[in-house]
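Comments concern the structure below.
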Amino acid sequence: MRRSVSMSLTDRLTQGVQSALVAAGLPPAPDCAWEVPRQAEHGDYATNVAMTHAKTARRAPRQIADAIVKHFPPLDAVARLEIAGPGFLNVFLSPAWVAASLREVLAAGAEYGRGADLAGQRVRLEFVSANPTGPLVIVNARAAAIGDAMARMLRARGARVTTEYYINDAGNQFEALARSFEARIRQAVGEAVPFPDNGYPGEYLIDLAGEYVREHGLDGAAALQAHLDQWTKEGGASATERLGRWAVARMVEGQRRVLADYGVTFDVWSSEQHDVRDRGLADKILDELNTRGLTYEQDGALWFRATEAGEDVSDDKDRVLRRSAGGPTYFAVDIAYHHYVKFAGADRLINLLGPDHHGYVARIRAAMQALGHPPEAFEVLIVQLVTLLRDGQPVRMSKRRGEFVLMEELLEEVGRDAARFTFLTRRHDSPLEFDLAVATRQSSDNPVYYVQYAHARIRSIARQMAEQGIDVPAWDAIDLGALTEPEEQALIKRLLDYPEVVRGAARAREPHRIAFWLQELAGAFHPYYKAHRVIQDDRRLMLARFALCTAVGRVIANGLELLGVSAPETM
RNA sequence: GCGCCUGUAGCUCAGUUGGAUAGAGCAUCGGACUUCUAAUCCGAGGGUCGCAGGUUCAACUCCUGCCAGGCGCACCA
C-alpha cells in the first residue's frame, strides 16, 4: 500500500483531535472512535470523544468539544467542524479534497482495499471438513463460502493463510461406511445380505457400489468372492477396510470436484489415518500430556483433566484419551493433529465447525492451552445450521437416513455466484433458513445481480467510449474538480471507506460485512447512473465522471473477488 | 437439568467493539424506457428491536431474570 493512504483519514482526524487537546492544555484522549453518521447534516465523520473524555479531562463535554474545534490544526481534507447535541464533533470534508482523493483509488487499482495490518501472521484455516461418508450438502456450501471468503479477506490484509480440508477417514464412522459399502456391493452382485445396523442407507452408496462392480468386472457373486479372496491371501488390511478406502477415495474426490466447481480449493487435504494415526502422533501426544501431568488413569481408561486445563475455558467434565478397550479416542487424535501438524506451520488456527461440534470446543481449546498455546492462537467459529425448507416445510438433512439436498443440486438450481452471495449476506453464527423453492424462484433477483449489474454497466460505459473513439488520458491528467454533484461526492466518500471495511471484516472474521457494503455501494451507483450521463459533450465533466465510474467498478470487482464472486463484463 | 447460538418490518436478514430520527432485499401498492444495459430508477405503506428490570448523559447493543426456537451435553466422530 502506498504511503499516502497508509494512514487513513480517521487516523489523521484522531491525530488532529489529540494535538488540539494538547494545545488546549487538556490531557490526550485514551481513545477516539469515528463513525459515519446516518444523517448528512451530522457531517461525514463524527466522534463522541468529547463525551467519553469528559471524566478523564474533568470538563463538560461541550467545553472539550469547543477546545478541540478552536485548536484543531488545519487539514486540507476538512472543510469545517461542528459541535452538535450533547457534545458530538462533526467533521465535514472539503469537496475538493474528496474529489482529488479519487486518484488514490484509481492508482491503487486491484490493490485498493488491501493492507498489511495482518502481515507476519501465519494462519491455518480449516473449513468444511465433511465426513467422507457421503456427498456434500447445503450446510457444507455455506461453510465453504464463508471459509473461502475468510481466507481471501485475511490474505488481503497481509496474513499468510493455509486453507485446509481434514478428512476423518478413521474410526467408527469409517468402519460403518466400509460395512455399508461392502453390503451394497454384495447386494449388487445378487447376494441376499442384510444391510448393517447403523449403516449409511443413502442411495449414493448403492450407486457407488454399482460403479465398483462395473469397474472391476464383477459379474456375479462368484466373481466378487474371488476378488475378495485374493485380498485375504495377500494379508494386510481386511477386504472390508480396503473397500472402505476405495469408497472414501471416491467420495473425497467427488467432494473436491463439487468444491472446485464452487470456486473453492484447498491448499492442504489431510487425512486422519495417514497424517496422524499412521505416524504414531496419537501415542506421542499421550506421552506429552502425561509428562505435563494433565492426565490420570481411571476405570482402565486414560483421562484428560479438561476441567482444570485452559486459561479462559473450562470443560464441564474430564475427557477420555485412551479407551479402556485400548486405542485413542477421536479427541486424542485431534489434539495430536492440532499440536504437531497444524501448529507446526502456523501461529494461529481458525476452525470453522458446525453447531453439532460446539460441545467439543471447550475441551479442544483447553487442550491447546494446556499445551502452551495462547488462547487467542486458537479460534473456533461455529457456522450455524442451514434449516432447509421446501415451500415452508422443513426438510430434515441426515446422511445417516439418506435424506438431504446435495450441494451439487443447489449449485445447479441457484448458481454459484448467487449461492455464495446468499451465504455471505448472513453472519456465520446466525441460523439460516433456506427455502429451496423460494431460492429457485427468486434466483433471478438475488441481490448479487444488483452488485454485478453495477459492474457490468460501468464496463459498458468503457466499451461505449472506446467504440466512439473517445480519447481518455492518464488519470493524473484528468481534472476531478468537476465532481461536485452530491451523488458524486457521496460515491467517492463510500469508496474511501472500503479499506477500513475490509480491515474490520478481516479482524472480526466477518466476511458478510463486505457483501453488505457492496450492496450499499451499488445502491449509491445505480441512482447516480440513472440521473447523470457520463458520455456527453462537456469533455472535462465526462472524463471526471468516467474516472469516478471506473473507480466504482474497480472497487466492486475487488470486493467481489474477496467473496469469490465473479464481476461480469456484461449481463 | 446444564451449556452454546438465535429472537429486529408480512418473509429473509443487517445494524460498524454504547451514540443523534433502527436499515436493506423480497413481497404489496403507485409511477418512469427515443437517451452510456429497465437484472435499473423514483415514490408509498409497513416496527412495543421476544418480555421485565438494571447500569448511564445515551441501550437493538452491556448486566440479571424470564419466555420461545435451534443445537449440544459418549470410553461416537
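Values below: all heavy atoms of this structure, side chains included; hydrogens, waters and symmetry mates excluded. Throughout, a chain's letter reflects where its sequence line sits, starting with A, and its residues are numbered from 1.
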(request) Applying salt bridge (Lys or Arg N to Asp or Glu O under 4.0 Å), run through A/R245 and A/E241 and close with a yes or a no. (result) CA-CA 6 Å; A/R245 296 260 159 250; A/E241 185 183 335; 3.5 Å; yes
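In the model, A/D497 has a side-chain atom that pairs as donor or acceptor with a side-chain atom of A/Y45 under 3.5 Å. Side chains of A/T10 and A/E500: no donor on one and acceptor on the other come within 3.5 Å. For the residue pair A/R457/A/H526, the side-chain donor-acceptor check at 3.5 Å is satisfied. A/N168 and A/E272 form a side-chain donor-acceptor contact under 3.5 Å, judged by distance and modelled atom types alone.
At the heavy-atom level, A/A84 lies under 4.0 Å from base atoms of the strands shown. Among the heavy atoms of the strands lying under 4.0 Å from A/R363 is at least one base atom, whether or not backbone atoms are also near. A/A170 comes within 4.0 angstrom of the backbone, heavy atoms only, and of no base. No contact: A/E175 has no heavy atom under 4.0 Å from any strand. Using a 4.0 Å heavy-atom cutoff across all strands shown, A/L302 reaches no nucleic acid atom at all. At the heavy-atom level, A/N90 lies under 4.0 Å from base atoms of the strands shown. Residue contacts for A/Y360: at a heavy-atom cut-off of 4.0 Å it reaches a base atom on one of the strands shown. Heavy atoms of A/F516 sit under 4.0 angstrom from primed sugar atoms or phosphate atoms, though from no base atom. As judged by a 4.0 angstrom heavy-atom cut-off over every strand, A/H357 is placed among the base-contacting residues. Across all strands, A/M51 comes closer than 4.0 Å to base atoms (heavy-atom distances). Across all strands shown, A/R513 has heavy atoms under 4.0 Å from sugar-phosphate atoms exclusively, and none from any base. Residue contacts shown for A/E467 are absent, as no nucleic acid heavy atom lies under 4.0 Å away. The residue A/T570 sits close to a base: some heavy atom pair falls under 4.0 Å. A/D299 comes within contact range of at least one nucleobase, with a heavy-atom separation under 4.0 Å.
If you check distances only, the side chain of A/N48 never reaches the base of B/rA20 with a donor-acceptor pair under 3.5 Å. Put simply, the side chain of A/H358 and the base of B/rG3 share a donor and an acceptor less than 3.5 Å apart. With hydrogens and angles left out, the side chain of A/T425 and the base of B/rC13 share no donor-acceptor pair within 3.5 Å.
Note: A/Y165 and A/W269 have parallel aromatic rings, judged against thresholds of 30 and 60 degrees for the angle between ring planes. A/H532 and A/Y528 have tilted rings, their planes meeting at an angle from 30° to 60° on a 0 to 90° scale. Between A/H512 and A/F516, the ring-plane angle classifies as perpendicular under the 30° and 60° cut-offs.
For the P atoms, the distance from B/rC51 to B/rC57 is 25 Å, rounded to whole Å. Separation of the P atoms belonging to B/rC60 and B/rC73 is 36 Å when rounded to the nearest angstrom. When the P atom is compared between B/rG18 and B/rU61, the two are found 12 Å apart, to the nearest whole Å. The gap from the C1' atom of B/rC63 to that of B/rU55 amounts to 7 Å, rounded to the nearest Å. Taking atom P on both B/rG31 and B/rA58, the two are 48 Å apart, rounded to the nearest angstrom. Spacing of C1' atoms, B/rG15 relative to B/rC33, comes out at 36 Å, to the nearest Å. Taking the C1' atom of each, B/rA20 and B/rU6 are spaced 29 Å apart, rounded to whole Å. When the P atom is compared between B/rC66 and B/rG1, the two are found 10 Å apart, to the nearest whole Å.
Here B/rA58 sits opposite no nucleotide as a Watson-Crick or G-U wobble pair (both hydrogen-bonding atom distances under 3.5 Å). B/rU28 and B/rA44 make up a base pair, with Watson-Crick or G-U wobble contacts both under 3.5 Å. Here B/rA14 sits opposite no nucleotide as a Watson-Crick or G-U wobble pair (both hydrogen-bonding atom distances under 3.5 Å). Base pairing annotation: B/rA22 forms no Watson-Crick or G-U wobble pair, as no partner gives both donor-acceptor distances under 3.5 Å. Here B/rC73 sits opposite B/rG1 as a Watson-Crick or G-U wobble pair (both hydrogen-bonding atom distances under 3.5 Å). With both pairing distances under 3.5 Å, B/rC51 is matched to B/rG65 as a Watson-Crick or G-U wobble pair. Across all strands shown, B/rC33 remains unpaired; no Watson-Crick or G-U wobble contact has both distances below 3.5 Å.
Counting only heavy atoms from C-beta on, A/Y450 has its side chain closest to B/rC41 among B/rC41, B/rC36, B/rC13. Comparing B/rG19, B/rC73, B/rU6 against the side chain of A/T52 picks out B/rG19 as the nearest. Nearest nucleotide to the side chain of A/S324, out of B/rC75, B/rC73, B/rA39: B/rC75. Of the candidates B/rA77, B/rA39, B/rC13, B/rC13 carries the atom nearest the A/S430 side chain, counting heavy atoms from C-beta on. Closest contact between the side chain of A/Q384 and the listed nucleotides B/rA77, B/rC5, B/rU40 involves B/rC5. Taking the side chain of A/D429 as heavy atoms from C-beta on, and the options B/rA77, B/rC5, B/rG19, the nearest nucleotide is B/rC5.
In summary, the aromatic rings of A/Y453 and A/Y449 are positioned with their centroids too far apart to meet the 6.0 Å limit. Between A/F378 and A/H338, the ring center distance clears the sub-6.0 Å criterion.
Taking atom CD1 of residue A/I382 and atom P of nucleotide B/rG70, one finds them 18 Å apart after rounding to whole Å. Atom CG of A/D334 and atom P of B/rA74 are 18 Å apart (whole Å).
Per the stacking criterion (ring centres < 5.5 Å, plane angle < 30°), A/F88 does not stack onto the base of B/rG19. Where stacking is scored as ring centres under 5.5 Å apart with planes under 30°, A/H42 registers as stacked on the base of B/rA20.
Taken residue by residue, residues 522-536 of chain A places heavy atoms nearer than 4.0 Å to RNA chain B at A/H526, A/P527, A/Y529, A/K530, A/H532, A/R533, A/V534, A/I535.
Figure legend: cation-pi geometry between A/R62 and A/F88 absent, as NZ or CZ is not positioned both under 6.0 Å from the six-membered ring centre and within 45° of its axis.
Taking for each of A/Q464 and A/Y330 the nucleotide of RNA chain B with the nearest heavy atom, the 5'-most of the two is the partner of A/Q464. Residue A/R457 is the one, among A/R457 and A/L385, whose nearest nucleotide of RNA chain B lies closer to the 5' end (criterion: closest heavy atom).
Distance check: A/Y330 OH to A/I364 CD1 gives 8.0 Å after rounding to the nearest 0.5 Å.
Between A/Y449 and B/rA39 there is no side-chain polar atom (N or O) within less than 4.0 angstrom of OP1 or OP2.
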